[in-house]
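Only one structure is covered here, and it is reproduced in the block below.
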Amino acid sequence: MASFSDDFNRPNTTDLGAGWVEVSGDWSIISNQLSPGAAGGTIILRAAGAMDSSDHSAQFTIAATTAASQGVWCRGNSNISSGYLWRNDGSSWDLFRVLGGSFTSLGSYAAAVAPGDVAKVQAVGSTIKGFVNGVERVSVTDTDVTTGTNVGIRSESVGALRFDDFTAADITVGTTLGTAVTVATVQPLTGTKTAQLSPAIAAHTTQPATGSKVGALGVVAASEAAEPLAGAKTASITLGQADEQAQLLAVGTVPLSGPDIDVIVGAPRSPWTTGAARGAGWEVGAAC
């Protein structure tokens, strides 16, 4: 995207520099402003560099004015025999289509020009607009001039006129740019506002312990005493159910140790007789 600007802040001269082409008339710089001279008649000035596309805008500031033709143009050829011109003649702003050197008014806004006014003309596709101080005053649809990449200034050569701060730039199709005319100052914040905090939902990950600490352990002083058993339990003991079977003794087969006692059964002898040891345990026989 191409752009061009000039604030004319340089010493008084009749040579505007390489950025401009004087199509007609004798232009000069006086007190850091552009002057169209005082020779009379209408003269034309254009930027030496062209825009990249036919969709662009151009604007300038009218620093000092009088009731004379003065305006800015866009989508023009090199000698403004075609293009669009937004100009004031002292009583109204008019949007012209210039085709083959013939001027046709497409719309107007009744207002006299005033020192400090910023005039802007814009062409995007078939939509042509004129602005004053950033405010759109005329908007028309026109398809007669579809191409042209030159921008510039057209004015009567009157000594009372002065212009300043010329700018031009391509426009992306579909975007309309206005001119900023106000500057807002940041205001300090006053008062307070407390917001209710919602429950925290973040979870923290356990961090590994670092370092070490050694502490002396005290002697255990507590002791536990035996606790008495409380309560009682009674159980009913049943009779033993086991039966033992008597075993038969085999006579004469069990050796005895110790004294031999004979038992003699029969009358009239005493029941017990002590005698010599016997080899058998017990004998049953006739009375002695």
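Just so we're clear, the structure is a prediction, and the values are computed from it rather than from any experiment.
- Residues passing the ring pair (Phe, Tyr, Trp, His ring centres under 6.0 Å) test with Phe60 are Phe163, sequence neighbours excluded.
- The two residues Val151 and Ala168 have their closest heavy-atom pair at CG2-CB, 3.7 Å.
- The structure places OG1 of Thr149 at 11.5 Å from CG of Asp55, a figure rounded to the nearest 0.5 Å.
- Of the possible donor and acceptor atoms, none in the side chain of Ser157 sits under 3.5 Å from a partner among the backbone N and O of Thr42.
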**Report entry** Stepwise side-chain contact (heavy atoms from CB on, under 4.5 Å) check, Gln122 with Ile171
**Finding:** CA-CA 9 Å; Gln122 175 180 292; Ile171 296 175; 3.4 Å; yes
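- If you take OG on Ser3 and NE2 on His56, they are separated by 12.5 Å, rounding to the nearest 0.5 Å.
- Distance check, rounded to the nearest 0.5 Å: CD1 of Ile30 to OG1 of Thr14 gives 10.0 Å.
- No side-chain donor-acceptor contact under 3.5 Å links Arg75 to the backbone of Ser57.
- Val113 and Val158 end up in the same hydrophobic cluster when Ile, Leu, Val, Met, Phe, Trp and Tyr side chains are linked at under 4.5 Å.
- In this structure, the side chains of Ile128 and Tyr84 come closer than 4.5 Å at one or more pairs of heavy atoms.
- Closest heavy-atom contact between Ser81 and Asn79: OG-OD1, 2.9 Å.
- Shown here are the salt bridge (Lys or Arg N to Asp or Glu O under 4.0 Å) partners of Asp89, two or more places apart in sequence or in another chain: Arg87.
- Taking 4.5 Å as the limit, every side-chain heavy atom of Val121 sits out of range of all side-chain heavy atoms of Lys129.
- Note on Val124 and Phe96: separate hydrophobic clusters, where clusters join Ile, Leu, Val, Met, Phe, Trp and Tyr whose side-chain heavy atoms are under 4.5 Å apart, directly or indirectly.
- Side-chain contact between Ile153 and Trp27: present, with at least one pair of heavy atoms (C-beta onward) separated by less than 4.5 Å.
- At a threshold of 4.5 Å between side-chain heavy atoms, the hydrophobic network of Ile, Leu, Val, Met, Phe, Trp and Tyr places Leu16 and Phe8 in one connected group.
- Looking at every heavy atom in both residues, Trp93 comes nearest to Ala111 through CD1-O, 3.7 Å.
- Between Phe166 and Trp20, the gap from one ring centroid to the other is short of 6.0 Å.
- Side-chain contact between Val23 and Ile80 is absent, with no heavy-atom pair separated by less than 4.5 Å.
- When each of Leu45, Leu161, Ile44 is paired with Ser155, the side chain to side chain contact (heavy atoms under 4.5 Å, CB included) condition holds for Leu161 and for no other.
- Asp94 and Ser92 share a donor-acceptor pair across their side chains, judged by distance under 3.5 Å alone.
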Mind listing the side-chain donor-acceptor pairs of residues 34-41 below 3.5 Å, one per line with the distance, residues two or more places apart or on another chain?
from	atom 1	to	atom 2	distance (Å)
Ser35	OG	Gly37	N	3.1
Ser35	OG	Arg162	NH1	3.4

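- Nearest heavy atoms, Ser69 versus Arg154: OG-NH1, 4.2 Å.
- In this structure, the separation between CG on Asp7 and OG1 on Thr61 is 10.5 Å, given to the nearest 0.5 Å.
- For the pair Arg46 (side chain) and Ser78 (backbone), a donor-acceptor distance under 3.5 Å is present.
- When the ring pair (Phe, Tyr, Trp, His ring centres under 6.0 Å) test is applied to Trp73, no partner is found at least two apart in sequence or on another chain.
- Although no hydrogens or angles enter the test, the distance criterion places no donor-acceptor pair under 3.5 Å between the side chain of Ser31 and the main chain of Gln33.
- The OG1 atom of Thr127 sits 10.0 Å away from atom CG of Asp142, with the distance rounded to the nearest 0.5 Å.
- Taking the six-membered ring for Trp, Trp86 and Tyr109 have ring centres at least 6.0 Å apart.
- Looking at Thr66, its side chain never comes within 3.5 Å of a backbone N or O of Ala68 through a donor-acceptor pair.
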If you look only at distance, which donor and acceptor atoms sit under 3.5 Å apart when one is on a side chain in residues 99-108 and the other is two or more places apart or in another chain?
none

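- Evaluation of the salt bridge (Lys or Arg N to Asp or Glu O under 4.0 Å) rule for Asp164 yields no partner, not counting sequence neighbours.
- The shortest heavy-atom contact between Asp26 and Ile43 is N-CD1, 4.4 Å.
- Remark: side-chain polar atoms of Asp170 are paired, donor with acceptor, to backbone N or O of Ala2 under 3.5 angstrom.
- The two residues Glu136 and Ser139 have their closest heavy-atom pair at OE2-CB, 3.3 Å.
- Between Gln59 and Val72, every side-chain heavy-atom pair lies at or beyond the 4.5 Å cut-off.
- A donor-acceptor contact closer than 3.5 angstrom is absent between the side chains of Asn150 and Asn77.
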